[in-house]
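First the proteins, then the strands, lettered A, B, ... as listed; each starts at 1.
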Protein chains: 2
Amino acid sequence: MSISSRFAVGIHILSLIAINKGGVNSSEFIAGSVNTNPVVIRKIMGMLKNAGLVKVRPGIAGAELAKDLSGITLLDVYKAVHVVQEQELFNVHDNPNPACPVGRNIQNTVVPLLLNAQLALEKNLEHVTIEDIIKDIANKEKISKE
Amino acid sequence: MSISSRFAVGIHILSLIAINKGGVNSSEFIAGSVNTNPVVIRKIMGMLKNAGLVKVRPGIAGAELAKDLSGITLLDVYKAVHVVQEQELFNVHDNPNPACPVGRNIQNTVVPLLLNAQLALEKNLEHVTIEDIIKDIANKEKISKE
DNA sequence: TTACCTGTAATCAGGATAATTACATCAAGA
DNA sequence: TCTTGATGTAATTATCCTGATTACAGGTAA
């Protein structure tokens, strides 16, 4: 099991739009940087648009950020691209045997614990913004030029 | 995307073995409580055995815990049943374009952040033991009898 | 020997992913 | 207005994982 790369691609897209501000961020241009098909980019871009992170219009080439860099967290992206259903990171078997003490209690016992773990993950993602990513990339570029 | 229910079933199995201590925990018995096929149980049991959490022997009915209840954490179970590959909860697209400043840095920038989030999840699981689960089940049973 | 268990390979349907083709729709310039 | 080139989306495909199931090899004890 692995969380879809849509998430990482979403981060890539937003970072690229931010860094290439002024340039024309068409789906083909972005696909070239991500190294995938433009349709894949447009699909993910649609999700980012629905989440209010990005402005795109049919027929007009290019995309812009709809929010300030520092106002977009990785959690925003994660939720936007629907890589994990709400409260469903962990799958729990259903229909355990109600005639068994373990069977009839396991769900109520385990589900809150797993939700808690999922929450810990998501809280962590909330503390990083696209601005942080951009700064890190700029930093790495600077270092490599030295 | 969803993390395989093997994890929840693994917890179920260990809890059942603990509570039914003294009884014969055959794969068929456990399957009856989980409500699945005995082969599914045996496969997961094999993983729990490889991880040193459980003792089972070919030909002999029943399984026992190989460790103390309080010494088995949810993280132990999670790792035992291989629901998430080491350091691969998040999938990152490969071969981004090295000719692009974002493309050539995105992996080195994003991977550590995602690993960090995965670690937050796993740390959380480490703080809960099978003993906690058993106590919670016992508690819920007691309440429901009142 | 018989009966019953564990271990495991093989198969199957169902669902998700990522890539791709095809096409409808829209906007702007010649 | 017509052409060009972009976005939006449906449909298809190969690949992979899951969970259930059948089948059978091998172990253990009465």
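Remark: C1' of C:dA18 and CG of B:N95 are 14 Å apart, rounded to the nearest angstrom. We find that NZ of A:K49 is positioned 13 Å from C1' of D:dT9, with the value rounded to whole Å. Rounded to whole angstrom, the span from the NE2 atom of A:H82 across to the P atom of C:dA16 amounts to 14 Å. At whole-Å resolution of the value, CD1 in B:I44 and P in D:dG19 are 8 Å apart. Between B:R6 atom CZ and D:dA20 atom C1' the separation is 14 Å, expressed in whole Å. Rounded to whole Å, atom C1' of D:dA25 lies 12 Å from atom CZ of B:R42. Taking atom CG of A:N91 as the reference point, atom P of D:dA20 lies 10 Å away to the nearest angstrom. For the pair B:N35 CG and D:dT21 P, the computed distance is 9 Å after rounding to whole Å.
Phosphate proximity of D:dC17 to B:S4: absent, as no side-chain N or O sits under 4.0 Å from OP1 or OP2. An OP1 or OP2 oxygen of D:dA20 is reached within less than 4.0 angstrom by a side-chain nitrogen or oxygen of B:T36. Phosphate contact (OP1/OP2 of D:dT18, side-chain N/O of B:K43, threshold under 4.0 Å): absent. Within the structure, every side-chain polar atom (N or O) of A:S26 is placed at least 4.0 Å from both OP1 and OP2 of D:dA6.
A:I30 is not connected to A:V39 by any chain of hydrophobic side-chain contacts under 4.5 Å among Ile, Leu, Val, Met, Phe, Trp and Tyr, and they are in different clusters.
The nearest heavy atom of DNA chain D to B:I3 and to A:I60 marks one nucleotide each, and the one closer to the 5' end goes with A:I60. Between A:V83 and B:A63, the residue whose closest nucleotide on DNA chain C is further toward the 5' end is B:A63.
Side chain of B:R6 to backbone of B:H82: a donor-acceptor contact under 3.5 angstrom is found. In this structure a side-chain-to-backbone donor-acceptor pair under 3.5 Å is present from B:D132 to B:T129. Judged by distance alone, with hydrogens and angles left aside, the side-chain atoms of A:N97 form no donor-acceptor pair with the main-chain N or O of A:G103 at under 3.5 Å.
Between B:F7 and A:F90, the ring-plane angle classifies as tilted under the 30° and 60° cut-offs.
Comparing D:dG8, D:dA10, C:dG7 by their closest approach to the side chain of A:P58 singles out D:dG8. When the nucleotides C:dT21, C:dC5, D:dG8 are ranked by their closest atom to the side chain of B:E28, C:dC5 comes out on top.
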